[in-house]
Amino acid sequence: MAKELTSREENYSQWYQDLVIKADLAENSAVRGCMVIKPYGYAIWEKMQAQLDSMFKETGHVNAYFPLFIPKSFFSKEADHVEGFAKECAVVTHYRLKNDPDGNGVVVDDDAKLEEELIVRPTSETIIWNTYKNWIQSYRDLPLLINQWANVVRWEMRTRLFLRTAEFLWQEGHTAHATKNEAIEETEKIINLYGEFAEKYMAVPVIKGIKSANERFAGALETYTIEALMQDGKALQSGTSHFLGQNFAKAFDVKFASKEGKEEYVWATSWGVSTRLMGALIMAHSDDNGLVLPPKLAPYQVVIVPIYRKEEQLNSISEKVNEVTGKLKARGISFKYDDSVNRKPGWKFAEYELKGVPVRIAIGPRDLENGTCEVARRDTLTKEVVPLEDIDQYIENLLDEIQENIFNKALVYRDSMVTKVDSYDEFKEVLLNKGGFVSAHWDGTSETEQKIKEETKATIRCLPLEYEEEKGKCIYSGEPSQRRVLFALSY
RNA sequence: CGGGGUAUAGCACAGUCCGGUUAGUGUACCUGCUUUGGGAGCAGGGGGUCGCAGGUUCGAAUCCUGCUACCCCGACCA
């Protein structure tokens, strides 16, 4: 497997599916383009959910739930929105099956045709704004800061495990504000929150920026994004936050009485991250031995493996382990003690490395005599013998160190993969031979962006929020430009 | 929807070109003994309508025809 992992010439997605399946994260289900997330993989998602949810709550957001089915007519109310999603919707047309009169099993009952078709939500703006209309009358009802944890369906022509599945899990925030500035502030607050989550918890460095008009969300005035870089040099859009202006308020007629007694349309935002983040986590950190999970998102941070010959030995090891786990528990460190008898230690070592468990402790007869244990860390694959006394403190420090090390490693790689170019030839050369982000001048037109995409497959990933003003010439058209933007091949 | 590929044991594959013993290998599974500090060893055992339907032949996993499913590449991807 090693070769495929490190070689960019190899088929990346093949490696990716092998790894994910082997790593017990997911497997393809019988339904085309959908995924089964196995318990270990789902545990990672739950960790992500819990952290994000608490960050949303801290910033004043609350959770709610809206229907899976959206009447077709809702979609036609916002022109850009319907255009963006029309081609990838699952549509419910009937509500009943019946036995086939010709005896060929079960068929759709034509008599049970729906008056109006229902769309399985690809995103919930329309049904939520239809509801908000009734919730908002006065400036006193604002801001409305709601998040929803849900599944959505997008009937993509081609799917890719975790990165673009037909059905995926996500959270979607939908907020309503009295003023334009407040809505923009909210949009920016959330993209910063996403950035903090990616970097501090996923240990994935991201570049925050805004999308070009071509890449903007259907129905938004501005789309903010966090862009991560995978180990094969491709970019991954990992989270987005949209400033929707008054588009949806106007489409769904959501008005409020201002302090001054005037009737005004509300200002809106929407934002989301999905199970795609799990793809980002895997592709940003994994190595030839499998997953590498950051301690803050690992389902268990420590795995303890006993090494023994006879049952009496296991008993005395287990006693020692109980002392250790008691101390770990007191510090809030999660662990798994794998004393199963049907696998040998070597098998367990390899298995937990594949699963990406940050720290492994092995305790055997030798350690019992010396009052020690063997501590192995996943990120560096190094081991050392450590006294059992104060092991909890040692592990706590080690977990912090691992979290930091994983991030720094990814950051060093990412920074090495941002290349400034000043000519189109150079641009194409870097895309072909190096990959990563290419920082270049662009004339600001959709036409140029489109041409570059057609010729190289590279798109503008974002106009970074942090940038230096710099006069230059567009690499494609030669027209003047005030700043560089980031191009990349992407998932 | 276009181009390419695959279908044989739970999983991963060989065998197909050039038809011919009882369809094989790895792994997983079951039994026993020995093992256990990096995916254990030996011995024995169970598991297959060779994707489906036709055809050619004394004889088909293998040749022919039709069908189906899946994978990869492309179009698509707020």
Side-chain angles (χ1 to χ4, degrees), chain A residues 1 10-18 21-22 27-33 75 78-89 121-126 152-161 163-166 168 170 172 211-225 236-237 239-242 244 247-248 270-272 274 276 289-290 305-311 313-314 317 339-355 360-370 372-376 381-385 453-454 457 459 490-491:
Chain A
M1 194 163 76
E10 293 292 330
N11 183 330
Y12 194 87
S13 72
Q14 189 55 52
W15 159 76
Y16 176 60
Q17 294 205 1
D18 282 351
I21 290 165
K22 280 186 191 161
E27 64 186 14
N28 289 331
S29 79
V31 183
R32 178 196 167 276
F75 269 86
E78 216 289 331
D80 290 338
H81 193 65
V82 67
E83 204 189 317
F85 285 102
K87 283 177 282 182
E88 52 184 49
C89 286
R121 62 180 168 219
T123 179
S124 301
E125 273 79 4
T126 54
V152 290
V153 169
R154 295 180 187 179
W155 213 265
E156 306 285 358
M157 284 179 181
R158 219 150 77 73
T159 56
R160 201 191 284 268
L161 197 58
L163 300 185
R164 186 172 297 111
T165 44
F168 55 93
W170 77 345
E172 47 180 327
K211 286 290 188 188
S212 62
N214 283 3
E215 301 282 322
R216 203 178 279 152
F217 177 73
L221 297 187
E222 200 78 272
T223 287
Y224 292 68
T225 178
L236 183 72
Q237 176 177 306
T240 47
S241 180
H242 314 290
L244 303 175
N247 288 350
F248 284 90
S270 72
W271 29 273
S274 70
R276 173 181 266 200
N289 293 305
V305 178
I307 294 154
Y308 60 94
R309 288 167 197 274
K310 297 169 189 165
E311 206 170 320
Q313 284 177 317
L314 176 61
I317 290 169
D339 59 352
S340 57
V341 294
N342 54 343
R343 297 293 186 194
K344 298 183 54 177
W347 193 92
K348 292 176 186 174
F349 292 173
E351 175 67 11
Y352 292 109
E353 267 161 28
L354 201 56
K355 287 187 137 113
R360 182 186 69 236
I361 299 177
I363 301 183
R366 208 188 298 157
D367 296 303
L368 285 186
E369 281 178 31
N370 303 334
T372 58
C373 63
E374 183 189 82
V375 176
L381 293 168
T382 52
K383 311 187 269 201
E384 59 184 316
V385 176
K453 184 179 177 181
E454 281 163 19
K457 289 186 182 175
T459 50
S490 72
Y491 280 101

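Of the two residues near RNA chain B, A:Glu351 and A:Gly219, the one whose nearest nucleotide lies more 5' is A:Glu351.
With C1' as the reference atom, B:rA75 and B:rU62 are 37 Å apart, rounded to whole Å. Distance check on atom P: B:rG3 versus B:rC11 gives 31 Å, rounded to whole Å. To the nearest whole angstrom, the two C1' atoms, one in B:rG38 and one in B:rA43, are 26 Å apart. Separating the P atom of B:rG10 from that of B:rC73 is a span of 28 Å, rounded to the nearest Å. Separation of the C1' atoms belonging to B:rU16 and B:rA23 is 13 Å when rounded to the nearest angstrom. Comparing B:rA12 with B:rU65, their C1' atoms sit 31 Å apart, to the nearest whole Å. Separating the P atom of B:rC64 from that of B:rG19 is a span of 11 Å, rounded to the nearest Å. Across the P atoms, B:rG2 and B:rC58 are found 40 Å apart, a figure rounded to whole Å.
Remark: A:Lys457 is in phosphate contact with B:rG74, judged by side-chain N or O atoms under 4.0 Å from OP1 or OP2. In this structure, A:Arg158 reaches the B:rC73 phosphate: one of its side-chain N or O atoms is under 4.0 Å from OP1 or OP2.
In this structure, the side chain of A:Asn370 does not engage the main chain of A:Asp367 through any donor-acceptor pair within 3.5 Å. Looking at A:Glu156, its side chain never comes within 3.5 Å of a backbone N or O of A:Arg158 through a donor-acceptor pair. A distance-only check finds a donor-acceptor pair linking the side chain of A:Ser274 to the backbone of A:Arg276 [under 3.5 Å].
Side-chain N/O atoms of A:His242 and A:Thr223 include a donor and acceptor closer than 3.5 Å.
A:Phe168 pairs by the ring pair (Phe, Tyr, Trp, His ring centres under 6.0 Å) definition with A:Trp170, not counting sequence neighbours.
Here the P atom of nucleotide B:rG37 and the CG atom of A:Asn370 are 18 Å apart, to the nearest Å. One atom, CZ of A:Arg160, and another, C1' of B:rC71, lie 13 Å apart when rounded to the nearest Å. Between the CD1 atom of A:Ile363 and the P atom of B:rG38 there is a distance of 16 Å, given to the nearest Å. One can place CG of A:Asn342 at 12 Å from P of B:rA40, the figure rounded to the nearest angstrom.
Comparing B:rG37, B:rG38, B:rC76 by their nearest atom to the side chain of A:Pro365 picks out B:rG37.
Atom SG of A:Cys373 and atom NZ of A:Lys383 lie 13.0 Å apart (nearest 0.5 Å).
Under the 6.0 Å distance and 45° angle rule, A:Arg164 does not count as a cation-pi partner of A:Tyr491.
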Using a cut-off of under 3.5 Å, enumerate the N/O to N/O pairs linking the protein to nucleotides 34-36 of chain B.
residue	atom	partner	partner atom	Å
B:rU36	OP1	A:Arg309	NH1	2.8
B:rU36	OP1	A:Arg309	NH2	3.4
B:rU36	OP2	A:Arg309	NH1	2.2
B:rU36	O2'	A:Tyr308	O	3.2
B:rU36	O4	A:Arg309	O	3.1

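The environment of CD in A:Glu454 is crowded: more than 12 heavy-atom neighbours from other residues, nucleotides or ligands sit within 6.0 Å.
Counting any heavy atom pair closer than 4.0 Å across all strands shown, A:Glu353 reaches a base atom. A:Asp80 comes within contact range of no nucleotide atom at all, as no heavy-atom separation falls under 4.0 Å. Among the heavy atoms of the strands lying under 4.0 Å from A:Arg366 is at least one base atom, whether or not backbone atoms are also near. Heavy atoms of A:Glu172 sit nowhere under 4.0 angstrom from any nucleic acid atom. In this structure, A:Arg276 reaches neither bases nor backbone, as no heavy-atom distance under 4.0 Å exists between it and the strands shown.
A:Asp339 and A:Pro306 get closest at one heavy-atom pair: CA-CG, 3.9 Å.
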Next item on the list: For salt bridge (Lys or Arg N to Asp or Glu O under 4.0 Å), just list the numbers for A:Lys211 and A:Glu222, CA-CA rounded to whole Å, side-chain angles, deciding distance to a tenth of an Å, and then say yes or no.
Entry: CA-CA 7 Å; A:Lys211 286 290 188 188; A:Glu222 200 78 272; over 6 Å; no

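Both key distances under 3.5 Å define a Watson-Crick or G-U pair, and stretches of 3 or more such consecutive pairs in RNA chain B run B:1-7 with B:68-74, B:10-13 with B:24-27, B:29-34 with B:40-45, B:51-55 with B:63-67.
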